[in-house]
Amino acid sequence: MGNTAGLPFTIDGNALNSTSRLNYEAHSSWNIAVQSLDSGDPQLSVCEKFPDHRYCALSNDGCLKNGGNFCKLNYEKRRSYTVSVRATDNGNPPQSSDASISISLNDVNDLPRDFKLSSRTVKENATIGTKIGRFTATDEDMFQTLAFSLVDSDGGRFAIDSAGYLSKAKDTDYETNKAHKIIVTGGRQRNSTIKRQQSFPDNAPKVNENTATNKIVGTLQALDHDEVQTWTFSLDDDANGKFTAGSQVTCHNITNIPGVKTMCTTLLQVSGELDFEASPSEDILVRVTDTSGLFRRAAVPGHDTRC
């Protein structure tokens, strides 16, 4: 419950308790607004008014972090509002007057969002300068140009060009290190940047042609910096029915990866015929969704091995 000034109530857990003795003759009813906020990222909330629906104040944190539909006031969607105000005196009888007020929004520089990388795998023996994928982000503001740079290039192993392409800058060895992590910043100016840590495995997964249906190809893994998160896995692109994500998902808390508190895994299985001569490689697109409906997608390239 938000501002409780003047209200004889408090919330303890999921219980609404009174903080002082209530007197029906002195005050027979109160109007309160209760907000429930979850622990996800981004945080989502619901607000209920009792007994009527006249007032409710919501946190603006979700808007500042995520923009778009998370904002109650968004210049890019609606630039002005008109409200009606009534002023009533305490005379006998009371007199009132109404007025319409136009409220114009000021445009501000929004943060770029939806940070994505088109591909995140590269062969260990790929030549220096090989392009791995391209970084993209969205911006609600018009006529903005986004730039990307590496904050941590993992010892100079990777580089980003002016067009946002991530490329290999040093030799990599699968047997020495199967995955590398970098930190990338994308934005327009110093006070308007976003940072996200990405993992880039060196080699694509492999599976033999003519592999039997339901054969396990590998394990899909999702990491989250929130605790006690439950994710579901699905394939937005299953290579024309050749692969499927398992329905059994295992999630547990971990502490050995900086900034990560939950790891969820499921099995990737063969569900259709694989033919090397017809298609020597297959790409799939994995979607990972949390309980509030928020999701991330990642492309997983693969190789069909002749057998």
> Taking Ser153 for the side chain and Leu150 for the main chain, is one N or O donor matched with an acceptor at less than 3.5 Å?
Replying inline: no
> Say you draw a straight line from OG of Ser271 to CG of Asn214; how long is it, rounded to the nearest 0.5 Å?
Replying inline: 8.0 Å
>> Could you report the tightest heavy-atom contact between Thr19 and Phe9, atom names first, then the distance?
In response: OG1-N, 3.7 Å
> Could you give all pairs that pass the salt bridge (charged side-chain N to carboxylate O under 4.0 Å, His left out) test and reach residues 93-106, with sequence neighbours left out?
Replying inline: Arg86-Asp98
>> Minimum heavy-atom separation for Glu124 and Asp173, please, with both atom names.
In response: OE1-OD1, 3.5 Å
> Is there side-chain contact between Thr121 and Ser119, with at least one heavy-atom pair below 4.5 Å?
Replying inline: yes
> To which residues is Val85 joined in a hydrophobic cluster, defined by side-chain heavy-atom contacts under 4.5 Å among Ile, Leu, Val, Met, Phe, Trp and Tyr, whether direct or through other members?
Replying inline: Val83, Ile101, Ile103
> If you look at every heavy atom in Phe148 and Ala137, which pair is closest and at what distance?
Replying inline: CZ-N, 4.0 Å
>> Going by salt bridge (charged side-chain N to carboxylate O under 4.0 Å, His left out), name the residues that satisfy it together with Arg134, two or more places apart in sequence or in a different chain.
In response: none
> side chain to side chain donor-acceptor pair (under 3.5 Å) with Ser97: which residues, sequence neighbours excluded?
Replying inline: none
>> For a quick test of reading the model, state the closest non-hydrogen atom pair linking Leu220 to Ala245 and the distance between them.
In response: CD1-CB, 4.1 Å
>> Nearest 0.5 Å, please: how far is CG in Asn177 from CG in Asp154?
In response: 7.0 Å
> Got a sec, which residues hit side-chain contact (heavy atoms from CB on, under 4.5 Å) with Pro94, two or more places apart in sequence or on another chain?
Replying inline: Thr88, Asp89
> What heavy-atom pair brings Phe243 and Val217 nearest, and what distance separates the two atoms?
Replying inline: CE2-CG2, 4.0 Å
> Got a sec, which residues hit side-chain contact (heavy atoms from CB on, under 4.5 Å) with Gln221, two or more places apart in sequence or on another chain?
Replying inline: Leu223, Met263, Thr265
> Can you find a pair of side-chain heavy atoms, one from Tyr81 and one from Leu105, that are under 4.5 Å apart?
Replying inline: yes
> Can you list every side chain to side chain donor-acceptor pair (under 3.5 Å) pair that touches residues 236-248, not counting sequence neighbours?
Replying inline: Asp236-Arg287, Asp236-Arg297
>> Checking the side chain of Glu209 only, and the main-chain atoms of Phe276 only, is there a donor and an acceptor separated by less than 3.5 Å?
In response: yes
> Same cluster for Leu235 and Val249 if Ile/Leu/Val/Met/Phe/Trp/Tyr side chains link at under 4.5 Å?
Replying inline: yes
> Is Lys168 reaching over with its side chain to a backbone N or O of Ile132, donor-acceptor style, under 3.5 angstrom?
Replying inline: no
>> Using the side-chain contact (heavy atoms from CB on, under 4.5 Å) criterion, which residues pair with Lys170? Sequence neighbours excluded.
In response: Arg157
> Is a side-chain donor or acceptor of Thr266 paired with a backbone partner of Phe233 at a separation under 3.5 angstrom?
Replying inline: no
>> Using 0.5 Å steps for rounding, measure from the CD atom of Glu282 to the CG atom of Leu274.
In response: 6.5 Å
> Side chains of Val286 and Val288: does their closest heavy-atom pair fall under 4.5 Å?
Replying inline: yes
> Quick one: side chain to side chain donor-acceptor pair (under 3.5 Å) partners of Thr130, sequence neighbours excluded?
Replying inline: Thr127
> Would you say Tyr165 and Ile160 make side-chain contact, with heavy atoms under 4.5 Å?
Replying inline: no
>> Which residues pass the side-chain contact (heavy atoms from CB on, under 4.5 Å) test with Ser100, not counting sequence neighbours?
In response: Thr82, Ser84
> Under the side chain to side chain contact (heavy atoms under 4.5 Å, CB included) criterion, do Val270 and Ile216 qualify, and how do the steps go?
Replying inline: CA-CA 7 Å; Val270 175; Ile216 297 173; over 6 Å; no
> Would you say Ile284 and Leu268 make side-chain contact, with heavy atoms under 4.5 Å?
Replying inline: yes
>> A side-chain contact here means heavy atoms from C-beta on lying under 4.5 Å apart; do His180 and Phe158 qualify?
In response: yes
> Roughly how far, to the nearest 0.5 Å, is the NZ atom of Lys123 from the OG1 atom of Thr172?
Replying inline: 12.0 Å
